[in-house]
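All values reported here derive from a predicted model rather than from experimental measurement. Lettering of chains follows the sequences in order, A, B, ..., and the numbering in each one begins at 1.
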Amino acid sequence: MDFATLLQILDSTLRLATPLLLACLAGLFSERAGIFDIGLEGKMLMAAMASGAVAFLTGSAWVGLGAGIVASILLSLIHGLASITFRGNQLISGVALNFLASGLTVLIAVNLFGQGGRTPPLSGDARFQAIELPFAEALRDVPVIGTVYHELISGHTALVYIALLAVPLTWWVLFRTRFGLRLRAVGENPESVDTAGVSVVRLRYTAVAITGVLCGIAGAYMATALQAGFGREMTAGRGYIALAALIFAKWRPWYALYACLLFGFLQALALRPDVIEGTVGFKVPVPALDALPYVLTVIVLAGFVGRAIPPRAGGQPYVKER
Amino acid sequence: MTKLPVWADVVLVPLLSLLLALLISALVILAIGEDPVEAMRTMLEGAVGSAYGWGYTLYYATSFIFTGLAVTVAFHAGQFNIGGEGQAQLGGLGVAVVCLSLPWPHWTLALPAAMMGAALFGAAWAAIPAYLQARRGSHIVITTIMFNYIAASLMVYLLVNVFRPPGTMDPATSRFPEGANLPTLHDMPLIGGLFSPQVPANISFLLAILACVLVWLLLWRTRLGYEIRAFGKSEPAAVYAGISPFKIIMLSMLISGALAGMMAINNVMGESERLVLNSAEGAGFIGIAVALMGRNHPVGVFLAALLFGILYQGGAEIGLWTSIPIELRTVVQALVILFTGALDNAMRMLVGWGFRTFARRDAAGSRAGAA
């Protein structure tokens with residue numbers, strides 16, 4: 001594998017890791033607050049459809065992004081209603097919302113555009129365009145550093161940089177603010193938070209809403225940046241890979257970045273079977289690469305590579321003492 | 001919260017959930033500018049209005065009974081098995097291996113062997129998540145989801161690289177031998193006249209009914225079933241009573257996986273007569289809705305599976321004859337899971353509130369009568 005090919009693969013790694021990272025951080029907020037969310041997939045899908053449709057109708061990718069976030073938050077609120085207010089089973093709620101998104105997106109897209117569940121292809125301002133970082137062109141010919149800067153770091157859409165910035169931001173919010181401390185506490189021991197006079201319900205709803213926002217961005221990225229429009233089931237299990245990355249990262253923001261980059265790298269490799277064959281010397285079946293993130297997650301869950309311990313109050317509805 | 005009488009909990013709450021799900025679906029249909037009444041009519045007519053429709057409805061219901069029972073058995077042990085989809089696909093692999101390995105002379109010989117294959121492969125696919133839960137505490141919901149995806153990749157690999165007959169492009173096995181073809185319900189004595197020829201519903205439907213009976217016997221009439229239910233109700237109490245958590249998690253999940261795998265008798269052996277990609281077609285997930293709707297009881301599972309069979313066949317007809325997309329059935333399925341599973345407490349509160357209101361009105365009425 002030569003340098004140019006490597007750069008190409010790393011470049012697509014970054015692009016493919018972005019939706020995973022956003023969804024993974026989304027799950028991080030929710031699960032750190034004690035609400036399991038296996039509905040990341042559904043929220044992303046819903047947001048992808050809403051943003052694709054609205055971006056096409058208005059011609060603005062940013063308006064599309066807003067619509068995606070709203071759609072995703074709506075699903076989040078249903079999840080919150082089921083799991084916080086009515087103390088239902090959070091896992092079942094997630095499963096239900098995934099199916100709801102899977103059905104509704106096609107229903108709405110067919111109804112709006114009549115193209116078999118797709119939105120019409122987006123172009124121009126309806127899509128997020130690549131941003132050229134400053135001096136990228138000037139530094140282009142500087143060996144290695146300039147090339148890396150020009151090819152790999154510069155030239156992505158705004159949402160890629162937003163996703164990357166979300167990592168330190170998430171870390172800062174969770175570990176350096178009062179809100180973050182409370183959020184983590186509510187996922188470990190909600191009684192103590194309640195005793196301190198802080199509303200468990202409000203904290204958890206806030207966390208679930210943040211999850212909605214981040215999943216909304218992830219979905220919008222799928223439909224208006226990574227691809228040009230929404231297609232049925234376009235998230236293709238990314239919500240679950242993000243969930244896997246979250247466990248792989250042991251519910252920590254920086255590890256989430258590494259896990260998502262790793263899984264993004266695997267996805268990028270799966271697109272280039274020729275490169276793998278050239279590097280390892282034999283043909284690796286593509287399905288094996290597809291399955292690798294899931295296999296890795298099972299291995300992590302099994303506790304063979306350190307222990308993945310979820311937030312202690314995760315999945316349990318909080319019943320206030322009387 | 002008012003404590004509900006058993007009949008309300010078992011019958012009223014699921015029915016109310018279904019009603020709400022249908023009502024919201026009707027609103028969705030209205031919102032996309034179609035006629036919900038017309039849709040309902042098309043659905044019912046297509047699903048139960050003809051011998052042909054019945055044949056499909058029962059075919060779908062058969063698959064859903066198996067996957068619904070699979071979720072039920074695991075649920076009673078406190079395990080949420082979302083892996084029915086993967087287990088059903090592996091069950092299909094088991095059926096294919098058995099059917100293709102011998103030139104079966106007659107289906108009566110092929111069927112028991114294929115059932116063993118399906119159950120074995122399905123159970124094997126559930127065994128790893130079960131073991132990881134029992135021994136290493138890995139959350140079974142996450143591992144079974146992961147195993148669904150691993151199963152999908154595995155099936156792609158096997159069908160494209162191993163089982164595909166040379167010279168074909170289709171990622172599928174070759175056709176099963178003639179002797180491994182199951183009789184359809186039309187071929188059956190006595191009831192055959194009720195079905196049109198070429199219906200996909202086959203003898204597996206009777207096996208599914210048998211499976212309901214056996215699961216009921218297992219759960220409520222055997223020692224193991226008692227232990228499973230005790231463990232599911234309270235793990236510490238079960239451990240105190242000398243029940244081994246490892247044994248219960250493993251056995252309940254193996255039985256669950258075997259049941260999900262047995263679904264393949266219906267769709268792989270009974271209908272397509274070869275193994276194709278994505279053979280389970282989501283039936284593993286519908287099992288979750290069926291088990292929730294059926295209140296984790298074999299009788300309930302049977303009825304809920306029939307209902308989902310109607311929904312599935314009817315949904316296909318809606319997709320065919322109206323301009324409402326077939327995905328409507330996914331929406332209904334999602335809403336049923338949401339109301340019966342996640343918003344369960346809300347439904348109970350609603351029914352409880354109804355009861356209290358009626359009780360008050362009754363009391364007021366009788367007082368008025370006395371005066």
Worksheet item: At a heavy-atom separation under 4.5 Å, does B/V141 approach chain A through its side chain, its backbone, both, or neither?
Response: side chain

Worksheet item: Out of curiosity, B/S138 OG to A/I299 CD1, how far, rounded to the nearest 0.5 Å?
Response: 11.5 Å

Response to the item:
All heavy atoms of A/A244 vs all of B/M146, minimum pair found to be CB-CE, 3.8 Å

Worksheet item: Is the backbone N or O of A/R87 less than 3.5 Å from a side-chain atom of B/N345, with the two atoms forming a donor-acceptor pair by type?
Response: yes

Worksheet item: What part of B/L154 is in contact with chain A, defined as an atom under 4.5 angstrom from a non-hydrogen atom: side chain, backbone, both or neither?
Response: neither

Worksheet item: Atom CD1 in B/I145, atom OG1 in A/T297: separation rounded to 0.5 Å?
Response: 11.0 Å

Worksheet item: Are the side chains of A/F86 and B/M347 in touch, meaning some heavy atoms are under 4.5 Å apart?
Response: no

Throw together a table of side-chain donor-acceptor distances under 3.5 angstrom for residues 92-99 of chain A, partners on residues two or more places apart or in other chains.
{"residue": "A/S93", "atom": "OG", "partner": "A/H79", "partner atom": "ND1", "Å": "2.9"}
{"residue": "A/N98", "atom": "OD1", "partner": "A/G42", "partner atom": "N", "Å": "2.7"}
{"residue": "A/N98", "atom": "ND2", "partner": "A/I38", "partner atom": "O", "Å": "2.8"}
{"residue": "A/N98", "atom": "ND2", "partner": "A/Y240", "partner atom": "OH", "Å": "2.8"}

Worksheet entry | For chain B, the option from A/L289, A/T105, A/V286, A/L100 that forms the most heavy-atom pairs under 4.5 Å | A/L100

Worksheet entry | Whether over 12 other heavy atoms sit under 6.0 Å from A/R118 CZ | no

Discussion item. Can you tell me which portion of B/V28 sits under 4.5 Å from chain A's heavy atoms? Options are side chain, backbone, both or neither.
Written reply: side chain

Worksheet item: Within a radius of less than 6.0 Å around OH of A/Y255, do more than 12 heavy atoms belonging to other residues, nucleotides or ligands occur?
Response: no

Worksheet entry | Toward chain A, the part of B/F147 with a non-hydrogen atom under 4.5 Å | side chain

Fill in: A/I78 portion near chain B, given a 4.5 angstrom heavy-atom threshold
side chain

Practice prompt. Heavy-atom distances under 4.5 Å only: say whether B/I128 touches chain A with side chain, backbone, both or neither.
Written response: neither

Practice prompt. For residues A/L91 and B/H139, determine if any side-chain heavy atom of one lies less than 4.5 Å from a side-chain heavy atom of the other.
Written response: yes

Worksheet item: Among residues 82-89 of chain B, which residues come closer than 4.5 Å to chain A, judged by heavy atom distances?
Response: B/I82

Worksheet item: What heavy-atom pair brings B/V156 and A/P287 nearest, and what distance separates the two atoms?
Response: CG1-CG, 3.8 Å

Discussion item. Using heavy-atom distances under 4.5 Å, tell me whether B/F80 contacts chain A through its side chain, its backbone, both, or neither.
Written reply: side chain

Discussion item. On a heavy-atom basis, which atom in A/D290 and which in B/S153 lie closest, and how many Å separate them?
Written reply: CB-OG, 3.7 Å

Item to complete: Could you give me the CA-CA distance, side-chain angles and deciding distance for B/D344 and A/N89, then say whether side-chain contact (heavy atoms from CB on, under 4.5 Å) is met?
Response: CA-CA 9 Å; B/D344 202 38; A/N89 187 323; over 6 Å; no

Practice prompt. May I ask you to decide if B/I32's main-chain N or O and A/N111's side chain share a donor-acceptor pair within less than 3.5 Å?
Written response: yes

Fill in: A/V295, part contacting chain B, at a heavy-atom distance under 4.5 Å
both

